[in-house]
Novice: 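Below you will find the structure I want to go over with you.
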Amino acid sequence: MTFHNSNGVVGRFKGGAWRIRLNPSHGEEEPILHRSHLQTTLPTTVSTRSTPLCKLGLNAPAMLKGKLKLPAPDKVRRVFPDRLGSLVAGFDEKDNEIEVLEFEIESGEELEPIQPGELGFQRQSNDGDEAMDDDVKDQIIRQKPNPVSVLKSISDEEKRSDLEYELSQREINLEKLQRIAGAGIPDGGGLRATAWKLLLGYLPSSHDLWDEQLKENRQKYANLKEDLLQNPSEHVWKEYEESSTKRNEENDVDGPLRRHEISHEDHPLSLGTASLWSQYFQHTEIVEQIDRDLQRTHPDLPFFSGDSSFSCKNREAMKNILLLFAKLNPEIRYVQGMNEVLAPIYYVFSTDSDKQNVANVEADCFSCFVRILGDSVDHFCEQFDNSSNGILATLSRLSDLLKVNDEQLWRHLEFTTKVKPQFYAFRWITLLLTQEFKFESILRIWDTLLSNPFGVQDMLLRICCAMLLCVKSKLLSGDFVANLKLLQHYPDDINLEYLLQVAKDISPDTSYYCLSL
């Protein structure tokens, strides 16, 4: 598929990559958008795919089947799936239903700009909004608010108190938890870790079932890790020890040492398909790719980067999670960018104040990582690009959402400058905005994403649309090159709370709705 525009731009979508070639007379480089280049740390001029993508067969489990109408408030549905594809044979599939109660969305209203970490419920009237200059609106978005004008603001202490009270209840009210968490979860005390586990359905709403559920899931993860991530030599030696112990118990007499017989499938040079060593070496390339990506994960944070034993331990645990996911899902395997989606979960769970939870962070992260990917895994799969669940369909939904909420801006991007969502929102959507903001802002955004009663993808598209609306004046005055640069390097001085409120006020995408099955 090829397109041209008046700026001398030629683009072509081929093999999962959008190639944008600027007019050679302008002396510009040729930026490439590609799955393997979702991270900002990678060169934008390399176009080869470095990671094999999934090759799903017709009989492969459908992770996200079809698009459904927005459910009525009284419908019961599963927001996050327990399993993904062929995820875990050892995990029993249990219904993890969350009742979607009444959720009223008021559109067209706008909050006073507020500082990150605060939430104001005092809204402005819409009178005179149309006459307001776009430059003035952009200025409001970025300026520091007057604390006096932010009435009835909820302090972190008040939010912390409300959240602690709700989490201490014997039966958690998920609707109330969604409202509280959606306004932002205060740092510290392990509140965010516990809230995210509940919002993702990893913890049941009944507090009495937490210990049993955690123990069961953690043991299953330990079994999977032992079966799939253990070095074959360790596996063979363990079998030998077990058999030796059994013989000693039966004979209960001392005797000469027995020579351990090694089959043709046990040695490292075996090429047999049933060989543990052959299967082990098949994933060597994936392990190397994961290691490279983890080295580039948030290089500015000592938690993830550096040579300290602490950061090395964190990367090792994250590698286990990603590798186990790849082995359990051979159709999907590992795709570059999954490390970025895992990073916020692992960080939040690792900073839990509960020592027992921190000791089992790897097991808890794995299950929650699967639940988050369950809503967007098709975006990582090249074969699904043109399906109703693929990334192109999601980008089209974003375009439709912008058209409904601001047709002027939509026309300018689509027809005047021809800046298509494929050029900037591919990374936004696939990586759940983990590359567009500072890390602390990512955690705040995810509070809102995970708290949405209609699922992550619904709120994600609204936030992406709000990101466009919040820089409307710059986009209307920019050409193709200026707008592409702006959206690929989104401004970091945006008032995040204002942006999230704009997203909440946006008319939801009711034409399509992605239901996790």
Side-chain angles (χ1 to χ4, degrees), residues 1-13 17-23 26 28 30-34 38 40 44 107 129-130 132-139 141-142 379 385 390-431 433 435-437 457-494 498-499 502-503 505-509 511-512:
M1 180 167 58
T2 307
F3 65 89
H4 303 262
N5 77 349
S6 57
N7 294 320
V9 179
V10 179
R12 181 172 180 80
F13 185 78
W18 279 98
R19 303 171 182 270
I20 312 167
R21 183 180 301 109
L22 302 184
N23 193 321
H26 296 168
E28 300 285 353
E30 180 185 9
I32 300 295
L33 297 181
H34 195 282
L38 291 174
T40 56
T44 58
S107 60
D129 277 356
E130 294 182 359
M132 184 182 293
D133 185 73
D134 288 330
D135 290 330
V136 176
K137 287 185 178 181
D138 267 8
Q139 207 171 21
I141 294 172
R142 289 177 170 78
H379 297 159
D385 279 354
I391 185 63
L392 295 183
T394 303
L395 292 170
S396 178
R397 290 169 56 198
L398 173 60
S399 179
D400 293 341
L401 194 61
L402 178 62
K403 181 180 180 181
V404 169
N405 289 275
D406 196 319
E407 188 169 354
Q408 178 192 15
L409 180 57
W410 173 79
R411 288 187 176 279
H412 181 75
L413 292 176
E414 288 285 333
F415 300 109
T416 304
T417 61
K418 299 189 183 301
V419 178
K420 306 292 184 180
Q422 288 87 338
F423 303 155
Y424 59 87
F426 183 98
R427 187 178 66 189
W428 291 7
I429 293 171
T430 306
L431 301 187
L433 299 173
Q435 289 279 289
E436 315 311 319
F437 298 91
Q457 287 299 305
D458 172 80
M459 182 53 69
L460 177 62
L461 290 183
R462 287 202 244 171
I463 294 177
C464 291
C465 186
M467 290 169 65
L468 298 172
L469 297 177
C470 286
V471 292
K472 176 179 177 179
S473 64
K474 289 182 176 293
L475 292 173
L476 291 178
S477 62
D479 57 9
F480 175 85
V481 176
N483 286 349
L484 188 62
K485 182 178 180 181
L486 174 66
L487 297 178
Q488 288 186 347
H489 302 85
Y490 196 78
D492 58 3
D493 59 346
I494 292 291
Y498 180 90
L499 187 151
V502 170
D505 288 341
I506 284 177
S507 302
D509 177 13
S511 299
Y512 299 96

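Treat the numbers as computed from the prediction; the structure is a model and nothing was measured.
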Novice: Check whether H489 reaches the backbone of K485 with its side chain - one donor and one acceptor, N or O, closer than 3.5 Å.
Specialist: yes
Novice: Report yes if the side chains of F437 and M467 come closer than 4.5 Å at any heavy-atom pair, otherwise no.
Specialist: yes
Novice: Could you tell me the separation between the CG atom of D458 and the CD1 atom of I463, rounded to the nearest 0.5 Å?
Specialist: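 Answer rounded to 0.5 Å: 10.0 Å.
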Novice: Report the distance from atom CD1 of I506 to atom SG of C465, rounding to the nearest 0.5 Å.
Specialist: 4.0 Å
Novice: Answer yes or no: is there a side-chain heavy-atom contact under 4.5 Å between R397 and L401?
Specialist: no
Novice: For R462 and A503, work out which heavy atoms get closest and say how close.
Specialist: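 Result for this residue pair: CD-O, 3.3 Å.
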Novice: Does a side-chain heavy-atom distance below 4.5 Å link L487 with L468?
Specialist: yes
Novice: Are side-chain heavy atoms of L413 and P421 found at a separation under 4.5 Å?
Specialist: no
Novice: How many angstroms lie between CG in D385 and CD in Q422, if you round to the nearest 0.5 Å?
Specialist: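 It comes to 10.5 Å.
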Novice: With heavy-atom distances below 4.5 Å as the criterion, would you say the side chains of L398 and T394 are in contact?
Specialist: no
Novice: In Å and rounded to the nearest 0.5 Å, what is the SG to OH distance from C464 to Y490?
Specialist: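 These two atoms lie 10.0 Å from each other.
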Novice: Find out whether L475 and T417 are in side-chain contact, i.e. whether some heavy atom of one side chain is under 4.5 Å from a heavy atom of the other.
Specialist: no
Novice: Hey, does I429 have a side-chain heavy atom less than 4.5 Å from the side chain of L461?
Specialist: yes
Novice: Measuring only between side-chain heavy atoms, which start at C-beta, is L469 closer than 4.5 Å to L499?
Specialist: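 No. Closest side-chain heavy atoms not under 4.5 Å.
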Novice: Can you tell me how far apart CD1 (I494) and CD (E436) are? Round to the nearest 0.5 Å.
Specialist: 13.0 Å
Novice: Counting distance only, does the side-chain N/O of T430 pair as donor-acceptor with the main-chain N or O of R427 below 3.5 Å?
Specialist: no
Novice: Just jot down the side-chain hydrogen bond (donor to acceptor under 3.5 Å, both in side chains) partners of D406, sequence neighbours excluded, or say none.
Specialist: K472
Novice: Check L460 against W428 and note the closest heavy-atom contact, atom names and distance.
Specialist: CD1-O, 4.3 Å
Novice: Rounded to the nearest 0.5 Å, what's the gap from CG on L409 to CZ on R411? Could you check?
Specialist: 12.0 Å
Novice: Heavy atoms only: give me the nearest K418-F480 pair and the separation to one decimal.
Specialist: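 That would be O-CE1, 3.6 Å.
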Novice: Using side-chain hydrogen bond (donor to acceptor under 3.5 Å, both in side chains) as the criterion, list what pairs up with E414, not counting sequence neighbours.
Specialist: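 Applying side-chain hydrogen bond (donor to acceptor under 3.5 Å, both in side chains) to E414 gives S399, K420.
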